[in-house]
Amino acid sequence: MKDPLTIADWGEFGFIEALRQRLPEATDDLKLGIGDDAAWWSPLAGQGILTTTDMLVEGVHFDFEYTSAADLGYKSLAVNLSDLAAMGGSPSCVYLSLALPARLEKVWLESFVDAFLLLAKEYGVQLAGGDTVQADQMVISVTLCGLALKGKPILRGGALVGDDIYLSGSFGDSYLGLKLLQGDLQAPSALNESADFLKNRHLRPTPRVALGEMLAASGAVSAMLDVSDGVLADLGHLLTDSGGLGAELEVSRLPLSFAARDFFEADLVDYVALLAGGEDYELLFTASPKQRSKIETLAAKAVVELTRIGRITVAEGVFMLADGSRTALGARGGYDHFQHQGC
Ligand code: ADP
Ligand code: MG
């Protein structure tokens with residue numbers, strides 16, 4: 001490939017990889033830097049301090065047309081809570097940095113902050129600082145810190161051949177919700193209730209913090225991440241980081257919500273689009289088949305459904321198993337902010 005001249009040619013992932021290669025060797029206390037849902041810092045032996053950061057930009061990640069101040073305040077923290085949940089961590093402190101246009105109304109900002117702090121309270125998180133500056137476009141940057149149970153988080157790269165693959169909740173809801181909010185998909189009036197459910201799943205995803213903690217405590221999980229880029233892309237990350245493995249997904253087991261099923265049965269969406277759709281913020285994890293009964297016991301206690309959706313294979317690639325046939329799904333990288341490849 002020609003040497004890239006701009007970040008658009010280079011791509012988000014090309015840049016991050018080049019940055020990574022320029023870094024000096026990490027000191028022993030930084031157990032895990034760039035590459036997982038959160039970084040893992042261990043200044044004292046046995047400690048697991050986790051940090052994660054995410055940025056939301058007006059016009060890129062949200063649109064004022066259909067996102068209220070309260071929705072945004074909620075979601076900017078929820079997505080970070082999800083990243084910590086994906087490591088099996090418990091959140092503790094958060095930093096909130098805001099770039100705000102001068103025209104922004106006080107009531108909007110109050111509503112944003114109230115929703116942010118309400119969610120923080122619900123998850124026992126304290127606001128520890130941040131930064132506020134003026135800019136033409138709104139940018140929200142949230143950094144969340146937490147602790148890993150017994151000092152050791154669950155990483156993306158621990159899956160082994162033969163492991164079962166599990167997913168919490170359902171998939172594709174947020175994708176459908178976004179399409180409905182953007183007006184790219186029209187709900188027939190009989191599906192209005194389902195449409196409201198899906199829009200809410202997009203605007204107010206539930207971070208699976210208690211589930212992540214429970215899974216970490218069980219010791220049964222080999223690898224985990226949260227579904228922010230879509231089941232296919234995120235499963236791809238897990239497979240790559242686990243040394244280049246593959247996966248088989250059983251179509252009959254894939255958990256659709258009642259609302260996504262309505263849209264699927266009305267032929268308004270297909271499985272692959274739902275599997276590629278991002279922002280469900282559910283947990284995708286793997287465990288040895290020996291752990292099945294332990295996971296079933298956990299599932300009975302969890303507030304969200306856990307479904308075994310497939311298994312890890314030695315052959316690379318992701319395949320769908322349905323009615324005795326095995327179909328390959330194309331490789332799907334994560335969403336690249338500059339190249340818009342993947343889903
Ligand atoms: P996520 O989807 O969890 O937000 P990203 O795909 O945004 O993760 O980022 C991938 C990895 O690259 C993460 O570990 C993140 O911390 C790191 N990263 C992204 N941008 C930068 C940057 N500008 N400097 C250092 N690390 C970065
Ligand atoms: Mg990111």
Side-chain angles (χ1 to χ4, degrees), residues 4 6-8 10-27 30-42 48-57 60-62 72 75-89 91 94-97 99 131 139-146 148 153-158 168 171 174-175 178 202 205 207-209 212 223-242 276-285 331-343:
T6 63
I7 176 71
W10 207 357
E12 179 187 346
F13 296 115
F15 162 69
I16 295 172
E17 191 45 40
L19 176 65
R20 205 165 150 148
Q21 283 170 16
R22 275 170 211 231
L23 298 179
E25 201 180 322
T27 53
L30 186 62
K31 301 282 179 208
L32 180 69
I34 292 175
D36 215 302
D37 294 301
W40 171 17
W41 183 45
S42 185
I49 296 173
L50 304 175
T51 51
T52 182
T53 189
D54 253 312
M55 200 151 54
L56 298 176
V57 179
V60 178
H61 299 97
F62 61 89
L72 203 53
K75 193 164 173 179
S76 59
L77 178 56
V79 299
N80 282 279
L81 286 167
S82 177
D83 272 325
L84 266 205
M87 308 292 282
V94 68
Y95 294 82
L96 172 62
S97 299
D131 201 10
V139 181
I140 301 159
S141 171
V142 175
T143 302
L144 181 65
C145 311
I154 302 175
L155 311 186
R156 296 174 168 196
S168 70
F171 66 97
S174 178
Y175 163 80
L178 178 63
H202 179 76
R208 305 298 184 191
V209 175
M224 181 155 72
L225 41 55
D226 69 327
V227 181
S228 52
D229 293 343
V231 170
L232 287 185
D234 287 312
L235 177 60
H237 296 146
L238 185 149
L239 296 172
T240 305
D241 285 12
S242 298
E279 295 208 85
D280 281 319
Y281 299 103
E282 294 294 346
L283 295 181
L284 183 71
F285 62 94
R332 278 167 197 266
Y335 181 84
D336 187 303
H337 267 275
F338 296 94
Q339 299 184 330
H340 302 291
Q341 68 188 13
C343 40

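Counting starts at 1 for both ligands and their atoms, in listed order. Keep in mind that this is a model prediction, so the values were computed, not measured.
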>> Could you measure the distance from the CD1 atom of Ile154 to the CG atom of Asp37? Nearest 0.5 Å is fine.
In response: 11.0 Å

>> Minimum distance, heavy atoms only, to atom 26 (N) of ligand 1: which one of Val79, Ile34, Asp229 is it?
In response: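 It is Ile34 that holds the nearest heavy atom.
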
> atom 3 (O) of ligand 1: which of Asp83, Asp226, Leu225 has the nearest heavy atom?
Replying inline: Asp83

>> Checking Trp41 now: which residues fulfil side-chain hydrogen bond (donor to acceptor under 3.5 Å, both in side chains) with it, not counting sequence neighbours?
In response: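 In terms of side-chain hydrogen bond (donor to acceptor under 3.5 Å, both in side chains), with neighbours along the sequence ignored, Trp41 is linked to Asp29.
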
>> Applying side chain to side chain contact (heavy atoms under 4.5 Å, CB included), can you list everything that pairs with Ser97, at least two apart in sequence or on another chain?
In response: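 For Ser97 the side chain to side chain contact (heavy atoms under 4.5 Å, CB included) partners, ignoring immediate neighbours, are Asp131, Ser141.
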
>> Considering both backbone and side-chain atoms of Gly35, is one of its nitrogen or oxygen atoms within less than 3.5 Å of a nitrogen or oxygen in ligand 1?
In response: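 There is such a contact, yes.
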
> Under a heavy-atom criterion of less than 4.0 Å, does Thr52 contact ligand 1?
Replying inline: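 No.
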
Subset of ligand 1 atoms that lie under 4.0 Å from at least one heavy atom of [X]:
X	result
Asp36	14 (O)
Leu19	22 (C), 24 (N), 25 (C)
Ile16	12 (O), 19 (C), 20 (N)

>> Looking at Phe62, I'd like to know if its CZ atom is crowded, meaning that more than 12 non-hydrogen atoms belonging to other residues, nucleotides or ligands lie closer than 6.0 Å.
In response: yes

>> I'd like to know if the side chain of Ser76 and the backbone of Leu72 have a donor-acceptor N/O pair within less than 3.5 Å.
In response: yes

> For the side-chain contact (heavy atoms from CB on, under 4.5 Å) test, which of Ser168, Ser174, Pro207 pairs with Glu282?
Replying inline: Ser168

> Where does Asp54 meet ligand 1, judged by heavy-atom distances below 4.0 Å: at the side chain, the backbone, both, or neither?
Replying inline: side chain

